[in-house]
Amino acid sequence: MNIQALLSEKVSQAMMAVGAPADCEPMVRQSARVQFGDYQANGIMAVAKKLGQQPRQLAEQVVQHLALNGIASKVEIAGPGFINIFLAPEWLAQQTEAALASPRLGVAPVDAQTIVIDYSAPNVAKEMHVGHVRSTIIGDAAARTLEFLGHKVIRANHVGDWGTQFGMLIAWLEKQQREHHEAIALADLEAFYREAKKAYDEDAAFAERARGYVVKLQGGDEYCRTMWKKLVDITMTQNQTVYDRLNVTLTRNDVMGESLYNDMLPGIVADLKAKGLAVESEGATVVFLDEFKNKEGEPMGVIVQKKDGGYLYTTTDIACAKYRYEQLHADRVLYYIDSRQHQHLMQAWTIVRKAGYVPESVPLEHHMFGMMLGKDGRPFKTRSGGTIKLSDLLDEAVERATALVSEKNPEMDADELRKLANIVGIGAVKYADLSKSRTTDYIFDWDNMLAFEGNTAPYMQYAYTRVLSVFRKAGIDENAQLEGAIQLNDEREAQLAARLLQFEETITLVARDGTPHVMCAYLYDLAGLFSGFYEHCPILAAEDAAVRQSRLKLALLTARTLKQGLDTLGIETVERM
C-alpha cells in the first residue's frame, strides 16, 4: 500500500476537476507534525498562480471535489492553501490487516526491469581496504532493495583485472614459484604487490621481462593467461571471504572485470572514428566534447587510445556501458562509485550517448558517495598513516562487539557469544555507513556505531528482539495465526499503524534514489513509535481479549517490518540480545 501515491492520485483528480492542467503536481507529502494530519498536499499555490486564483479559494474548491470518503476522517485547509489530510482509523486498520496477511508486507508488485548495479570494484593482487566499504555495502543495499521490489538485478563487480601492471605481477609470480618450487597462496597480497613493484623499479632485466609479458598477455599467450588467471582467482577467493563476512550478496559469478571488455576496444575506437566523433591528435585518438571545457574554454579532449596504441579507463567504460545495454539488456544501470570519478563517468557516458550505444530511454546513473573520514576529519587511515585493510577493520569490529556483548551477558555460552558479537559488530560497521547520506563524507566513530542508543545497528537489532520478547512472554509463536480484527482506538496505535503502512513509500524512494539512509531513518522512527505504543498501550496486560489480539497484531507487523527493512540493508537480526 502506497498511501502517498493513492492520495496524490485523488488530489490530482480533484485539482483537474476545478480546472488545473493534467500535469499539475499535487505535492502530497507525509506531514512533519501530527497536528497537520498524516499527509499534506502542498501543490495548490503553484497551480493557483498558473490559474490566476487565490490559493485558499482554490484549495476550498479542490477539497469539495476530493473523494476521500472512507479513507480520511478529516480534511482541513491550513495557511494560504495547504491541505491537511487525517486518515481514518478504520481505514488504517483495514490496510494494516492486509499488510500483515501479505508475505510482502502489502508492497505492491512493480513493472519488473533488468537493472545492472556496478559496485565494490576491488583490484587484483591487492587486498580490499576501507575505501571499498561504501561502494560495497551501499551498492549491495540497492541490489537487495530492488530485488525485493521484484526487479531482475544483475550485480556487476567491475574488478580491476587488466592493464600494464599485470606484466609485472605475472613476472613476480613466476619468480616466486620458481624459487619456492611450489604454488604460493599470496597470503599477503599487499606485500606481494609491493615486492613486485620494487623488483620492477630496481631490476632492469625483470622490468624488461615484465613488459614483454604485458604484450604476450594482451596477445592471448596461454602461459601468461594461466598466470594472470591464478592472480585473479587468489584475489577473488580472498575477497569472497570478506563479502561473506560482510553479509554482502556478491559472488564469484558477479565478477565482470575490465578484461571482459578488452576485445571490444579496437572496434569501439574504429567506430568512433567512422562516426566522426574521434580524431587523431598528436598521435593519440581523441574525442573532443563541447559539453566539457578546458581552462582555455575550449572543448575538452578525451583520449580513447594513446599514441602507443594502449587504451584508457574511459575506453573501457564506454565498452562497459555498451555491453550492459546490448548483452545484459539493461533497462537501467546504476554505478556506486566515489564522487571523484563523476566527471570521468560523465565524459564516458556523453560519448556513449553520442555514439548511440545506449539510448536515452535507459538511464545511466552515478550514485556517487562521499568519503569515510577519521575523527581528525581526514581520510580514515591507520595511526601510522597506512591504508586500513577491510579484514582488519572487521576483526576490530567483532572484537569490540565481543567485549560489549559479554559485558551485558556474562553468562552467555561461548558459541552464542561469538555468533552474536559477529552479527552486532559487522552490522554496526555497515549501519553506521548506511544511515548517513551517501552523498556526504562521514566520520567513522567506534563509540557511536556500537552504542545501544540512537540510530545505530545495536539499537535497531535490540528493538527487533524487544518486539519478539512480547510473544515469548505470551508463550505465542510469532508465526502463529492471530485471531480478531485490528482496532485503532488509541492515538499511538493509529500513529504506529500509519507508519507501518509507509514502508512501501520508503522502500520505493530508496530504490529510486539509491538512498539507504532513508530506510535507516524510517526504521529508527518506527522503533521509536513502537516504544511509545508499548509503554502507553498495554499488550499482554490489556483487559479486553480483542484489544490484546489487536495489539499483538500491531507488534507482529512491526517485527516483520523491522526485519524486512534491515534485510534490505544487509543487516542481520537475532531473536535475543
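Heavy-atom basis, side chains included; hydrogens, waters and symmetry copies ignored. Keep in mind that what you see is a predicted model, and the values were worked out from it rather than measured. Position 1 is the first residue of the sequence; numbering continues from there.
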**Q.** Min side-chain heavy-atom separation Thr508-Glu504 under 4.5 Å
**A.** yes
Q: Give the ring-plane orientation class for Trp446 versus Phe444, where under 30° counts as parallel, over 60° as perpendicular and anything between as tilted.
A: perpendicular
Q. Is the backbone N or O of Asn42 less than 3.5 Å from a side-chain atom of Gln40, with the two atoms forming a donor-acceptor pair by type?
A. no
Q: I would like to know whether Glu493 and Asn489 meet side-chain contact (heavy atoms from CB on, under 4.5 Å); could you show each step before the answer?
A: CA-CA 7 Å; Glu493 292 174 318; Asn489 300 318; 4.1 Å; yes
Q: Sequence neighbours left out, what passes ring pair (Phe, Tyr, Trp, His ring centres under 6.0 Å) with His366? Give chain and number order.
A: His342
**Q.** Any donor-acceptor N/O pair, Thr515 side chain to His517 backbone, under 3.5 Å
**A.** no
Q: Decide salt bridge (Lys or Arg N to Asp or Glu O under 4.0 Å) for Asp38 and Lys74; before the verdict, give the C-alpha distance in whole Å, the side-chain angles of both, and the deciding distance to 0.1 Å.
A: CA-CA 10 Å; Asp38 296 291; Lys74 181 172 71 171; over 6 Å; no
Q.
So for atom CG, which belongs to Asn69, do other residues, nucleotides or ligands contribute more than 12 heavy atoms lying within a distance under 6.0 Å?
A. no
Q: Sort out for me which residue in Glu147, Arg144, Arg155 forms a side chain to side chain donor-acceptor pair (under 3.5 Å) with Thr249.
A: Arg155
Q: Run the numbers on Gln495 and Glu491 for side chain to side chain donor-acceptor pair (under 3.5 Å), then give the verdict.
A: CA-CA 6 Å; Gln495 287 173 7; Glu491 186 180 337; 3.0 Å; yes
Q | His65 (side chain) donor-acceptor with Val62 (main chain) under 3.5 angstrom | A | no
Q. Cationic tip of Arg104 within the cone over Phe148's six-membered ring, i.e. under 6.0 Å and within 45° of the normal?
A. yes
Q) Side chains of Phe471 and Asp477: closer than 4.5 Å at any heavy-atom pair? A) no
Q | Residue pair Ile539 / Phe533, side-chain heavy-atom distance below 4.5 Å | A | yes
Q: Taking the six-membered ring for Trp and the single ring otherwise, decide whether the centroids of Tyr462 and Tyr459 are under 6.0 Å apart.
A: no
Q.
Testing the basics here: between Ala143 and Tyr119, what is the closest heavy-atom pair and its distance to 0.1 Å?
A. CB-OH, 4.2 Å
**Q.** CA sep, side-chain torsions, deciding dist, call: Tyr336, Glu365, side chain to side chain donor-acceptor pair (under 3.5 Å)
**A.** CA-CA 9 Å; Tyr336 285 89; Glu365 304 173 33; over 6 Å; no
Q) Within 45° of the six-membered ring axis of Phe452 and under 6.0 Å from that ring's centre, is NZ or CZ of Lys408 located there? A) yes
Q: Check the surroundings of atom CZ in Arg252: do more than 12 heavy atoms from other residues, nucleotides or ligands lie under 6.0 Å from it?
A: yes
Q: Evaluate side chain to side chain donor-acceptor pair (under 3.5 Å) for Gln30 paired with Arg499, printing each intermediate quantity in order.
A: CA-CA 10 Å; Gln30 295 173 14; Arg499 200 67 176 122; 3.3 Å; yes
Q: Decide yes or no on side chain to side chain donor-acceptor pair (under 3.5 Å) for Thr114 and Lys152, but give the supporting numbers first.
A: CA-CA 5 Å; Thr114 296; Lys152 178 187 176 183; 4.7 Å; no
Q.
Does atom CG (Asp111) have a neighbourhood of more than 12 heavy atoms from anything else shown, all under 6.0 Å?
A. no
(Q) salt bridge (Lys or Arg N to Asp or Glu O under 4.0 Å) for Glu535 and Arg492? Distances and angles first, verdict last. (A) CA-CA 10 Å; Glu535 288 171 18; Arg492 286 185 176 83; over 6 Å; no
Q.
For Arg466 and Ser531, which I'm curious about, is there any donor-acceptor pair between the side chains at under 3.5 Å?
A. yes
(Q) Looking at Asn409 and Glu411, would you say the former's side chain and the latter's main chain have a donor-acceptor pair under 3.5 Å? (A) no
Q: Find out whether the Lys NZ or Arg CZ of Arg324 is both under 6.0 angstrom from the six-membered ring centre of Tyr335 and within 45° of the ring's axis.
A: yes
Q) So, Arg134 side chain and Gly370 main chain: donor-acceptor pair closer than 3.5 Å or not? A) yes
Q. Under a 4.5 Å cut-off applied to non-hydrogen side-chain atoms, are Gln95 and Met1 in contact?
A. yes
Q. Are the side chain of Asp331 and the backbone of Gln113 linked by a donor-acceptor contact shorter than 3.5 Å?
A. no
Q: State, yes or no, whether a side-chain contact exists between Glu76 and Val63 at a heavy-atom distance under 4.5 Å.
A: no
Q: Indicate whether any N or O donor in one side chain lies under 3.5 Å from an N or O acceptor in the other, for Tyr243 and Asn157.
A: yes
Q) Got a donor-acceptor contact below 3.5 angstrom from the Glu416 side chain to the Met412 backbone? A) no
Q: Measure across Gly570 and Lys430 and return the closest heavy-atom pair with its distance rounded to 0.1 Å.
A: O-NZ, 2.8 Å
Q.
Strictly below 4.0 Å, N to O, side chains only: are Asp513 and Arg438 in salt-bridge contact?
A. no
Q: May I ask you to check whether over 12 heavy atoms, not counting those of Glu543, lie within 6.0 Å of atom CD?
A: no
